[in-house]
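Data block below; observations after.
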Amino acid sequence: MNELVNVCVDASKWVGKLNHTWNYIGYDECNYTHSPGGMELIRKFGALEKPYYMRAHHMLCTGILHGFYKWGSTNVYIEDENGSPIYNYETIDQMMDIWLSSNCKPFFELGFMPRDLADPRDAENGRFYQIAYGISEYQRIGWAMPPKDYDKWYQLIFNLVTHLKERYGEKEVRTWYFEMWNEPDIFYWRGTQDEYCKLFDYTEAAVHAAMPDARFGGPATTGCMDPEGRASQFLRAFLEHIRSGRNYYNGKIGTRIDFTSFHTKGGGYRFDTLAKKQIPSVKELLVNVQTQSAILRELGFGDLECVLSEADPDGWAAGGRYDNFNLNFRNTEYYASYVMSAYKNLYDLAEKVQMDIRPLAWAFMFEGERCFEGTRSFSTQGINKAVFNLFRLLARMGTQKISLTSSRDLDPCSFKDLNGTEEGPEVDGWATMDNEDKLQILLYCHHDDWDLKESFDVDLEIRHLPMDGDVQIRHLRIDAEHSNAYAEWVRQGKPNYPTEGQRAAILERSGLEYCEAPAILKVHNGVLRHEFPLPTHAISLLEIVRL
């Protein structure tokens, strides 16, 4: 017999706004923006609700303007034979046009270093390998180097922002983000911490000289559970410089910052054809955020908007099930329930510490991959995964939160181990009601162990409904059998390249599906009850509509 979970929604208890702060996604391969699959997925996100912000790596890099795993380029900056800059905005404009025309906006990552601007330090006299700047050698390390000339870097950023302002209008660009670099505390930055602070100061000066009200921030450091760990130390030293250090550009004390950012992951994977089972951890993702956000508040930056500009179950987006069998979880309903649990608990954490914390899903799509390759992506060969359907459900939520309590509302941060082995699955969610004619309840069940198949019987009671009489209840579901194209792909024999008929059958199951037929129920004295099963790794959206 399944365990009974009591869920109570009180329509008379308003508990603040449910700000839709999950509208951020990103990817390594900036040139996938203008590939056929990339444009299709961008349009799908743009059609969901308010604009999604798009973040991509390699926006300033040098190359062949073609995306492939972990690499991209725009050739925005090259130098002629005399060392004079040549600016080329064609590829960047193409990306901006695609995002904006699809109801999305740029979260413009200012990085990495153009080939002709990168410092090729000598191994004997500096800290880094001498680099012959062929493309392959540049791709290996050059893109992560400091600039050889900070004034030329300043001019690159100034001219870039000026161009964007003139092309798209100051009013539009004011709504964008400009973020400084990516994960400078690890191999993405080959300079020192002081050199990163210098780069930040020069970049901030250039951005705001071109457009004083542009939104600029960083430092996009990695997550860390240890307050004294490397990432924590880097973040702390950076913030101390921003708050009270000598500005490298103008010599004054302090540097302007408009928002903060860092990353958080629930685990890590490597290439391993003989890998043993390894599961991500919601707790690890949350403790990363607890630790880094505490540093922000300690140093006086807790009032700024904070974007978790990569917030994911793990840290290797381009790896897939052929690299490590564990990564198959990204194809399944598990990925959706993990993200839902992470986002709900992040939202609770943000409210607890009184910060504006916004997660960005580092996931997109990959051109040319085998069907359900297992990469961290929202779609595969144009087929939506269950995790994309989660964002469809989130988009249907209102903004006025009402009280929802659950008898299995667990706090992953208090788990005895990283995965809640002893505590079991959590059942929690949100309820919203923007007017008296419609109520939304988003309920999920998640446990970090994807092999756990426990199911619960939910007894849902809704109190103080302002809609006596007949109502319609619509129940959408993501689980192993609903809104889950992967399940149909398995039934079709797991084809790497589906035939026309197989693809049609898989696509048929890639949208949102009901787990029970819409029904007419009666509300008595403002009370409505409904019972239904909820398996582990499932998400339900119940819409109650006045007739």
Side-chain angles (χ1 to χ4, degrees), residues 26-27 29-34 38-39 42 46 51-67 72-80 82-118 143 147-182 199-218 220 249-250 256-259 309:
Y27 43 103
E29 304 80 5
C30 62
N31 301 106
Y32 284 165
T33 302
H34 48 87
M39 290 189 288
I42 290 166
Y52 267 74
Y53 281 93
M54 300 286 172
R55 176 183 188 255
H57 287 344
H58 307 109
M59 293 294 289
L60 306 182
C61 287
T62 309
I64 61 172
L65 312 180
H66 180 67
S73 53
T74 65
N75 290 349
V76 65
Y77 178 98
I78 59 174
E79 292 182 357
D80 64 18
N82 299 315
S84 298
I86 300 173
Y87 302 116
N88 184 342
Y89 303 113
E90 181 178 356
T91 300
I92 285 178
D93 288 348
Q94 186 180 16
M95 295 174 183
M96 302 300 107
D97 291 349
I98 290 168
W99 285 340
L100 292 168
S101 67
S102 302
N103 190 39
C104 296
K105 289 181 180 289
F107 193 101
F108 203 119
E109 181 188 306
L110 294 170
F112 298 112
M113 195 58 60
R115 183 188 62 179
D116 291 349
L117 195 47
W143 54 269
K148 64 183 182 183
D149 186 322
Y150 283 85
D151 290 328
K152 285 187 173 181
W153 171 266
Y154 175 100
Q155 288 300 322
L156 164 61
I157 301 303
F158 176 84
N159 282 283
L160 171 64
V161 176
T162 298
H163 166 79
L164 295 172
K165 181 180 67 173
E166 291 174 350
R167 180 177 174 87
Y168 300 104
E170 187 166 351
K171 181 179 179 181
E172 171 59 39
V173 178
R174 192 183 300 126
T175 68
W176 301 3
Y177 293 79
F178 291 93
E179 184 185 37
M180 184 69 257
W181 215 258
N182 174 74
L199 189 76
F200 189 94
D201 291 351
Y202 271 72
T203 308
E204 181 276 322
V207 168
H208 290 130
M211 187 172 160
D213 51 357
R215 182 163 44 177
F216 174 76
Y249 178 77
N250 58 30
R256 173 178 164 182
I257 187 170
D258 302 311
F259 68 94
S309 50

Once you measure the plane-to-plane angle for [X] and [Y], does it fall in the parallel (<30°), tilted (30-60°) or perpendicular (>60°) bin?
| X | Y | value |
| --- | --- | --- |
| Y202 | Y249 | perpendicular |
| W181 | F112 | perpendicular |
| Y177 | Y53 | perpendicular |

When rounded to the nearest 0.5 angstrom, what is the spacing between [atom1] in [X] and [atom2] in [Y]?
| X | Y | atom1 | atom2 | answer |
| --- | --- | --- | --- | --- |
| D201 | Y154 | CG | OH | 12.5 Å |
| N159 | Y77 | CG | OH | 10.5 Å |
| Q94 | C30 | CD | SG | 10.5 Å |
| T91 | M96 | OG1 | CE | 10.5 Å |
| I157 | L199 | CD1 | CG | 8.0 Å |

[Y] side chain reached by [X] side chain, heavy atoms, under 4.5 Å:
| X | Y | answer |
| --- | --- | --- |
| N182 | R55 | yes |
| P147 | K152 | no |
| I98 | C104 | no |
| D258 | R215 | yes |
| T62 | D116 | no |
| L60 | L117 | no |
| S73 | N31 | yes |
| N75 | L65 | yes |

* To do: Tell me, please, which residues at least two apart from D213 pass side-chain hydrogen bond (donor to acceptor under 3.5 Å, both in side chains).
  => R174

* To do: Identify which one of Y89, F158, Y168 satisfies the ring pair (Phe, Tyr, Trp, His ring centres under 6.0 Å) criterion when paired with H163.
  => Y89

* Give me the one residue out of F259, F108, W176, F200 that meets ring pair (Phe, Tyr, Trp, His ring centres under 6.0 Å) with F216. => F200

Using every non-hydrogen atom in the two residues, find where [X] and [Y] come nearest and quote the distance to one decimal.
| X | Y | result |
| --- | --- | --- |
| T162 | A210 | OG1-CB, 3.4 Å |
| A118 | M113 | CA-CG, 3.6 Å |
| P212 | R256 | O-NH1, 2.8 Å |
| S102 | I42 | CB-CG2, 3.6 Å |
| G46 | N103 | O-ND2, 2.8 Å |
| E179 | A220 | OE2-CB, 3.2 Å |

* Asked: Is there a donor-acceptor contact under 3.5 Å from the side chain of D80 to the main chain of P85?
  -> no

* Between the main-chain N or O of M59 and the side-chain N or O of T74, is there a donor-acceptor pair closer than 3.5 Å? -> yes

* **Distance-only donor-acceptor check, side chains Y27 and T33, under 3.5 Å** => yes

* To do: Tell me, with the steps shown, if L156 and V76 meet side chain to side chain contact (heavy atoms under 4.5 Å, CB included).
  => CA-CA 9 Å; L156 164 61; V76 65; 4.3 Å; yes

* Asked: Which residue pairs pass the salt bridge (charged side-chain N to carboxylate O under 4.0 Å, His left out) test when at least one of the two sits in residues 155-168, sequence neighbours left out?
  -> D93-R167, D97-R167

* Under the side chain to side chain contact (heavy atoms under 4.5 Å, CB included) rule, collect the residues that match up with A214, sequence neighbours excluded. => F178, V207, H208, M211

* To do: Determine, step by step, whether M95 and H34 satisfy the side chain to side chain contact (heavy atoms under 4.5 Å, CB included) criterion, reporting the C-alpha distance in whole Å, the side-chain angles of both residues, the deciding distance to 0.1 Å, and the verdict.
  => CA-CA 6 Å; M95 295 174 183; H34 48 87; 4.0 Å; yes

